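For reference, positions follow the sequence shown, starting with 1. Note that the coordinates shown come from a computational prediction; the quantities given were computed from them, not determined experimentally.
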Amino acid sequence: MAAIAAKLQVFVACALLLLAVGCQASPFWPLEIGYYHDKCPQAEAVVKGVMEKAISQNPGNGAAMIRMLFHDCFVEGCDASVLLDPTPFSPTPEKLSPPNDPSLRGFELIDAIKDALEAACPGIVSCADIVAFAARDASCILSRGNVNFEMPSGRRDGTFSNASEPLKFLVPPTSNLNDLVASFVIKGLNAEDLVVLSGAHTIGRSHCSSFISDRLNTPSDINGGLAAFLREQCPADATPGGNDPTVMQDVVTPNKLDRQYYKNVLSHTVLFTSDAALMTSAETARMVVENAKIPGWWEDRFEKAMVKMAGIEVKTGYQGQIRKNCRAINHY
């Protein structure tokens, strides 16, 4: 009885402490717009400045940031775990996993943004927020301002990264619709989010090995003219890490984030089985048509879906850390 009474006293004391200090005692609190307003007022402007310069030099830098946000958030949540380099204690981080290596790019760009922020506000802005801001700015710049939204922030950086995790959550581009939707649902997203976020395939490049086996070397619904063009660009035996050229995902507006992707889905001029799969259910096919035909419809939904994705399993409050170097965890 004495032991129970002692435990009860501890419980009551903890409860009173929580009431006394309020939400500050919580290990977690929501993301918020303008999180760095007082801590580092220039934070978002710094990110945007670096992104504008990088995209002016190579529009692919913008596509890389949008893809990086997706690959980060779907594995361990939006915590910049995808940025961590191998170490003797963690020799196989996420960035070395097949879904990321060698196709995921932009790590040096994140380094440049982090360096600029550390010069302005040392130890304040997390790498996870940098990835989110960079993807937001890339969306705005590449869409010529048609995709323009506030990105809530306050994420903290994770300390765990393992190459086995992306294989569990990043389904390959050979996937059917059921597998694609399931991979989104497990992260709190839905079929509409899948269709809307797939629209990012209107920018960027793909390695031939990502589509050649199931789209060119076997019968598929891919447009004959596109297939002939791709066979000229891609060796029949393209393999990751080998002879594996890249091609534009959208040859119509390759450097503009717009609704052209959905027109390409309708005309069977998309690269991946996962793109074509959007037409295999009445629900998702209807969404494709709406996005293709109604001006502004997709852009509005893309803004909301990006914020939603950037909130997956975030670490805030006392969770995680603010890395000094985005490639390595802090050791205190």
- Give a yes/no verdict on a cation-pi contact between K48 and F133, requiring under 6.0 Å between NZ or CZ and the six-membered ring centre and an angle within 45° of the axis. no
- Message: I'd like to know if the side chain of T202 pairs up with that of R259 as donor and acceptor (distance under 3.5 Å, no hydrogens or angles considered).
- Response: no
- Ion pair R215/D221, N-O distance below 4.0 Å: yes
- Task: List the atom of P102, the atom of G241, and the distance in Å for their closest heavy-atom pair.
- Result: CG-N, 4.4 Å
- Query: So, the side chain of D72 versus the backbone of A80: is there a donor-acceptor pair under 3.5 Å, distance only?
  - Reply: yes
- Presence of salt bridge, D193 and K308, under 4.0 angstrom: yes
- Is the distance between the ring centroids of F149 and F302 under 6.0 Å? no
- L84: which other cluster members, linking ILVMFWY side chains closer than 4.5 Å, directly or transitively? I329
- Task: Classify the side-chain pair Y261/N291 by whether it contains a donor and acceptor separated by less than 3.5 Å.
- Result: no
- Task: Show your reasoning for whether side chain to side chain contact (heavy atoms under 4.5 Å, CB included) applies to L117 and I130.
- Result: CA-CA 9 Å; L117 286 168; I130 291 173; 3.6 Å; yes
- Message: For residues F107 and V50: do they belong to one hydrophobic cluster (side chain heavy atoms under 4.5 Å, members Ile, Leu, Val, Met, Phe, Trp, Tyr)?
- Response: yes
- Task: Examine the side chains of D129 and Y35 and answer whether a donor and an acceptor come within less than 3.5 Å of each other.
- Result: no
- Does a donor on one side chain and an acceptor on the other come within less than 3.5 Å for T87 and S90? no
- Message: Could you report the tightest heavy-atom contact between A328 and R323, atom names first, then the distance?
- Response: O-CD, 3.2 Å
- Assess the side chains of S97 and N100: does a donor N or O sit below 3.5 Å from an acceptor N or O? no
Please output the side-chain donor-acceptor pairs of residues 225-236 that fall under 3.5 Å, not counting sequence neighbours, one pair per line with the distance.
from : atom 1 : to   : atom 2 : distance (Å)
R231 : NH2    : L216 : O      : 2.8

- Message: Check this for me: does any side-chain nitrogen of one of R301 and E192 sit under 4.0 Å from a carboxylate oxygen of the other?
- Response: yes
- Group every Ile, Leu, Val, Met, Phe, Trp and Tyr by side-chain heavy-atom contacts under 4.5 Å, then state whether V247 and V265 land in the same group. no
- Query: Distance only, no hydrogens: is a donor on one side chain within 3.5 Å (strictly under) of an acceptor on the other, for Q249 and S206?
  - Reply: no
- Among P173, S103, S274, side-chain contact (heavy atoms from CB on, under 4.5 Å) partner for S210: P173
- Any residue meeting disulfide (SG to SG under 2.5 Å) with C140, in chain and number order, not counting sequence neighbours: none
- Can a donor-acceptor pair be found between the side chains of N264 and Q260 at a distance below 3.5 Å? yes
- Task: Answer yes if F272 and L257 sit in the same cluster of Ile, Leu, Val, Met, Phe, Trp and Tyr residues linked by side chain heavy atoms under 4.5 Å apart, and no otherwise.
- Result: no
- Could you walk me through whether D111 and R327 pass the salt bridge (charged side-chain N to carboxylate O under 4.0 Å, His left out) check? CA-CA 8 Å; D111 292 338; R327 294 173 178 266; 2.7 Å; yes
- Straight-line distance of R136 CZ to I66 CD1, nearest 0.5 Å: 12.0 Å
- Test: D85 and K95 ion pair at under 4.0 Å: yes
- Item | Joint cluster assignment, V270 & I222, ILVMFWY side-chain distance < 4.5 Å | no
- D237-N243 side chain donor-acceptor pair, cut-off 3.5 Å: no
- Query: Is there a donor-acceptor contact under 3.5 Å linking the side chains of T174 and D214?
  - Reply: no
- Message: Under 3.5 Å, is there a donor on one side chain and an acceptor on the other for H201 and D275?
- Response: yes
- Query: Among E76, E94, H71, whose side chain to side chain donor-acceptor pair (under 3.5 Å) with S81 holds?
  - Reply: E94
- More than 12 non-hydrogen atoms from neighbouring residues, nucleotides or ligands closer than 6.0 Å to CD1 on I294, yes or no? yes
